[in-house]
Amino acid sequence: VAVARYSAYGSDEEDDEEGGGGRRDRPEQEQDPALDIERIQSSTVRLLDAQKNMVGVISVSEAVRIADENDLMLAILSLDGDPPVLRLFEEKDYKKHKYEQQKKKRVQQKRSVAKRMGLKELKMGY
């Protein structure tokens, strides 16, 4: 971790607390809200496995235990459902799912902008 200190005289000092080779770590990425299981306020959830088959309505702690035992990621698909819907993912499958969701969102935003902006046509001739 690099800490920058600024003095009143305008000189900058940089201290490296861990003392490693001058390589800086990337800043931590934002926590994905779909992976934040603590947001679930319901005591039970509807769980889908990696092949999108329904496992059943189970407690949140049971879903976390199943994900840990099978070394899978547990992601929230729908927080609005009753009960909320969670799905087990392998890491590469989750990244693919997340990319597809972002792609759908971009297309949806383009369509909404196109609908708001009126298209006008002008014909010119001699």
Side-chain angles (χ1 to χ4, degrees):
V1 176
V3 178
R5 294 188 182 159
Y6 302 97
S7 69
Y9 300 109
S11 65
D12 296 344
E13 290 182 25
E14 195 169 276
D15 297 333
D16 195 13
E17 291 177 358
E18 291 182 10
R23 185 176 154 214
R24 290 187 175 211
D25 294 332
R26 291 183 296 179
E28 287 188 32
Q29 296 177 351
E30 293 180 20
Q31 177 69 18
D32 189 1
L35 299 176
D36 188 13
I37 304 301
E38 294 172 359
R39 292 183 349 171
I40 299 172
Q41 296 178 358
S42 175
S43 60
T44 60
V45 294
R46 186 177 308 271
L47 184 65
L48 304 175
D49 65 5
Q51 289 76 34
K52 297 184 183 178
N53 298 325
M54 173 126 154
V55 175
V57 177
I58 59 176
S59 69
V60 176
S61 58
E62 181 72 13
V64 170
R65 187 187 60 76
I66 290 171
D68 287 341
E69 284 178 357
N70 296 314
D71 198 27
L72 297 171
M73 296 176 73
L74 189 60
I76 301 170
L77 294 185
S78 172
L79 203 56
D80 301 330
D82 186 33
V85 181
L86 302 182
R87 181 172 166 203
L88 297 168
F89 285 98
E90 290 185 17
E91 189 170 352
K92 62 179 179 160
D93 292 336
Y94 177 70
K95 288 180 181 178
K96 182 178 178 182
H97 170 75
K98 187 175 176 182
Y99 171 75
E100 289 171 355
Q101 294 299 317
Q102 289 172 345
K103 192 173 175 182
K104 284 181 188 178
K105 188 176 181 181
R106 281 193 300 259
V107 169
Q108 204 172 33
Q109 285 175 343
K110 283 182 184 178
R111 287 182 183 160
S112 70
V113 168
K115 286 181 182 178
R116 280 186 269 144
M117 186 187 328
L119 183 63
K120 296 183 180 181
E121 187 175 331
L122 177 63
K123 291 186 180 181
M124 297 181 72
Y126 295 114

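What's counted below: heavy atoms across the whole structure, side chains too, no hydrogens, waters or symmetry copies.
- In this structure, L86 CG and I76 CD1 are separated by 6.0 Å, a value rounded to the nearest 0.5 Å.
- Heavy-atom neighbours of E100 CD from other residues, nucleotides or ligands within 6.0 Å: above the threshold of 12.
- Residue pairs that meet the side chain to side chain donor-acceptor pair (under 3.5 Å) test with at least one member in residues 70-92, sequence neighbours left out, do not exist here.
- Residues L72 and I66 form no side-chain contact, since every pair of their non-hydrogen atoms from C-beta on lies 4.5 Å or further apart.
- Considering all non-hydrogen atoms of both residues, V57 and P83 come closest at CG1-CG, 4.0 Å.
- Hydrophobic side-chain contacts under 4.5 Å tie M124 into a cluster, directly or through other members, with L122.
- Residue pairs meeting the ring-ring contact (aromatic ring centres under 6.0 Å, His included) criterion with at least one partner in residues 53-94, sequence neighbours excluded, are F89-Y94, F89-H97.
- Shown here for P84 and I40, the closest heavy-atom pair between the two residues is CG-CG2, 4.1 Å.
- Considering only heavy atoms from C-beta on, L88 comes within 4.5 Å of L74 through its side chain.
- Residue Q41 places its CD atom among 12 or fewer non-hydrogen atoms of other residues, nucleotides or ligands, all under 6.0 Å distant.
- With sequence neighbours excluded, no residue forms a salt bridge (charged side-chain N to carboxylate O under 4.0 Å, His left out) with E38.
- Remark: R65 pairs with E62, E69 by the side-chain contact (heavy atoms from CB on, under 4.5 Å) rule, at least two apart or across chains.
- Shortest non-hydrogen contact noted between V55 and L48 is CG2-C, 4.2 Å.
- Scanning for side chain to side chain donor-acceptor pair (under 3.5 Å) contacts around S43 gives an empty result, with sequence neighbours left out.
- The stretch residues 56-83 participates, sequence neighbours left out, in no ring-ring contact (aromatic ring centres under 6.0 Å, His included) pair at all.
- For S42, the side chain to side chain donor-acceptor pair (under 3.5 Å) criterion is met by no residue, not counting sequence neighbours.
- Note that the CE atom of M73 and the NZ atom of K95 stand 8.0 Å from one another [nearest 0.5 Å].
- Remark: R106 engages Y99, Q102, K103 in a side-chain contact (heavy atoms from CB on, under 4.5 Å) (not counting sequence neighbours).
- Screening residues 45-58 for side chain to side chain donor-acceptor pair (under 3.5 Å) gives no qualifying pairs among residues at least two apart or on separate chains.
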